[in-house]
Amino acid sequence: MTSPAPPSPVWHPFTQHALIPDATLVKSGEGAWLQTEKGRLLDGISSWWVITHGHRHPKIIEAIKKQADELDQVIFAGFTHQPAEDVARALLEIVPSGLSHVFYSDSGSTSVEVALKMALGFWKNTGHTRTRIIALEHAYHGDTVGTMSAGARGVFTNAYTPLLFDVVRLPFPAPGREQEMLEQLRGAAKGAAALIVEPLILGSGGMLIYSPDVLRDMAAICRDTGTLLIADECMTGFGRTGTLFACGQAEVSPDILCLAKGLSGGSLPLAATLCGAEIFQAHYSTDRSRTFFHSSSFTANPIACAAARANLQVWREEPVRERVKALAERQEERLARFRDDKRFSGVRRLGTITALDLKVSDPGYLANVALQLSRFFQERGLLLRPLGNTIYVLPPYCVTAAELDLVYDAVLEAAGKFA
Ligand SMILES: *Cc1c(COP(=O)(O)O)cnc(C)c1O
């Protein structure tokens, strides 16, 4: 007789262990699929929004293997390496104009911390006292103390509130409330350090979409008041919204751009914060007190950078834009049957992302139905992880029409069971 395995010592992120005692053991991944110990799962959320082309894209995996044979890790202060140099140059060719410097880190949260510190450092080093940060209601920018401060407050942040810094909070520009938000921004922007936004779609806030016109107007107010615009494209970057970057749809050039998740195709942790020459120049001096004081041990890890270099090559050499466009169309087709379904509200799509709200008695992130839905989908071979009662589909670009049918058939079935 074998004795039962002792409980796992692993503490999982955003997981209430009393409700989810056992994590699913994943053995391998390929394309849009994960192989678990219990069977296959279609990855309908790109493994938490990171996987772009599909799991284990051959060119990215090949690059990782090759780099691992040459250089694993090296200090990045005073040293550099070819993968980091190549990725920085390649990024500057595809990001909105005006950005000229690339600061690496290793997660989206860190890329946002770096952005906030760049903004504050810029104003300090140019002799101004502009420290106020402006952010949107329902925003999400990460889970570190600084990024939580910029993000929406709620059940996620309650325990930490005493340590969070104040920001000016603008109403979310839902249809009909755009002018109200812009008016408040006009008032708040004078003398502020920066406005931080997730361009066009607020991810963790519930896949809330707003128009490129609003983003363009926000950018114009920033330009008029000198307030720096930080675009957090950690989630929206690399094709999710239908264009390479969401800012592109509004023809907006942010002062600071945060990239993470899809930067390496989702294969390895890597992030980058890009800024323009003015911000770099404000820190450029023989006076060492003006140094940009930020680093993490694994800044620009060579293997992660090699993966990102391969990812950028995939974007150049493969018809990724066509794939994104085709996926967006397939997603729109599949939403059609839900548009008049009274059990749903807010049926919406931006690029390759769709979302719909299941009508329940306790809507919101803590809606009881969230866990039930996750379980229900997993039993049907699908990895979907609703945000409360908001079901969203954010698949890797290799997903096929037949695979999407599996997803939406299950969503329809779920409505029959839980609405
Ligand atoms: C995921 C995300 C982050 C945080 O990225 P991590 O790599 O999880 O730290 C920040 N901003 C946005 C908009 C995100 O979607």
Side-chain angles (χ1 to χ4, degrees), residues 12-15 45-52 103-119 133-154 156-157 160 164 167 172 194-210 215 218 229-241 245-247 252 254 256-274 294 296-301 304-305 307-308 311 350-353 355 365 385-387 390 392-396:
H12 289 267
F14 273 84
T15 300
I45 58 164
S46 299
S47 283
W48 242 353
W49 320 350
V50 299
I51 298 289
T52 47
F103 192 96
Y104 288 107
S105 58
D106 38 31
S107 75
S109 298
T110 327
S111 75
V112 173
E113 295 283 351
V114 166
L116 296 171
K117 286 174 71 172
M118 277 181 180
I133 301 296
I134 308 170
L136 282 178
E137 179 190 18
H138 306 307
Y140 177 81
H141 297 292
D143 284 321
T144 53
V145 171
T147 59
M148 272 194 296
S149 301
R153 306 299 165 86
F156 312 103
T157 55
Y160 326 112
L164 304 185
V167 303
F172 176 74
L195 165 68
I196 180 164
V197 293
E198 296 158 87
L200 303 190
I201 181 166
L202 277 55
S204 300
M207 299 296 163
L208 304 174
I209 300 168
Y210 63 96
L215 181 60
M218 285 195 272
L229 175 62
I230 302 172
D232 176 359
E233 293 232 22
C234 287
M235 187 276 270
T236 52
F238 298 97
R240 292 289 176 204
T241 69
F245 300 107
C247 281
V252 158
I256 301 177
L257 174 68
C258 303
L259 301 175
K261 299 184 170 91
L263 174 55
S264 63
S267 62
L268 284 175
L270 184 72
T273 310
L274 288 81
H294 193 94
S296 47
S297 304
F298 290 103
T299 301
N301 171 263
C305 285
N311 170 48
L350 178 65
T352 70
I353 307 166
Y365 184 80
R385 195 175 186 282
L387 292 156
T390 299
Y392 69 90
V393 186
L394 193 156

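Values below: all heavy atoms of this structure, side chains included; hydrogens, waters and symmetry mates excluded. Atoms within each ligand, like the ligands themselves, are counted from 1 in listed order. Residue numbers start at 1 and run along the sequence shown.
With a 4.5 Å cut-off on side-chain heavy atoms, L270 and N301 do not count as touching. Residues H138 and E198 fail the side-chain proximity criterion, which asks for heavy atoms closer than 4.5 Å. The shortest side-chain heavy-atom distance between R385 and F14 falls under the 4.5 Å cut-off.
The closest donor-acceptor contact from the side chain of S47 to the backbone of I51 lies at 3.5 Å or more, if one exists at all. With hydrogens and angles ignored, the 3.5 Å screen pairs no side-chain donor or acceptor of S111 with any backbone N or O of S109.
Near H141, the atoms of ligand 1 lying under 4.0 angstrom from a non-hydrogen atom of the residue are 10 (C), 11 (N). Heavy-atom proximity to D232, at under 4.0 Å, picks out these atoms of ligand 1: 10 (C), 11 (N), 12 (C), 13 (C). Short contacts between ligand 1 and S107, defined as distances under 4.0 Å to a heavy atom of the residue, involve ligand atoms 7 (O), 9 (O).
Remark: the T236 side chain and the E233 side chain contain an N/O donor-acceptor pair separated by less than 3.5 Å.
Only the side chain of E198 comes within 4.0 Å of ligand 1, counting heavy atoms alone; its backbone N, CA, C and O stay farther away. Residue S109 touches ligand 1 through backbone and side chain together, judged by heavy-atom distances below 4.0 Å. Contact annotation: for W49 versus ligand 1, heavy atoms closer than 4.0 Å belong to the side chain alone. Contacts between E233 and ligand 1 below 4.0 angstrom, taking non-hydrogen atoms only, are absent altogether.
When all heavy atoms are compared, the tightest approach of A119 to I230 is CB-CD1, 4.5 Å.
For ligand 1, one of its N or O atoms has an N or O atom of K261 under 3.5 Å away. Any N or O atom pair closer than 3.5 Å counts here, and G108 shares at least one such pair with ligand 1.
For atom 8 (O) of ligand 1, no protein heavy-atom neighbour is present inside the 4.0 Å cut-off.
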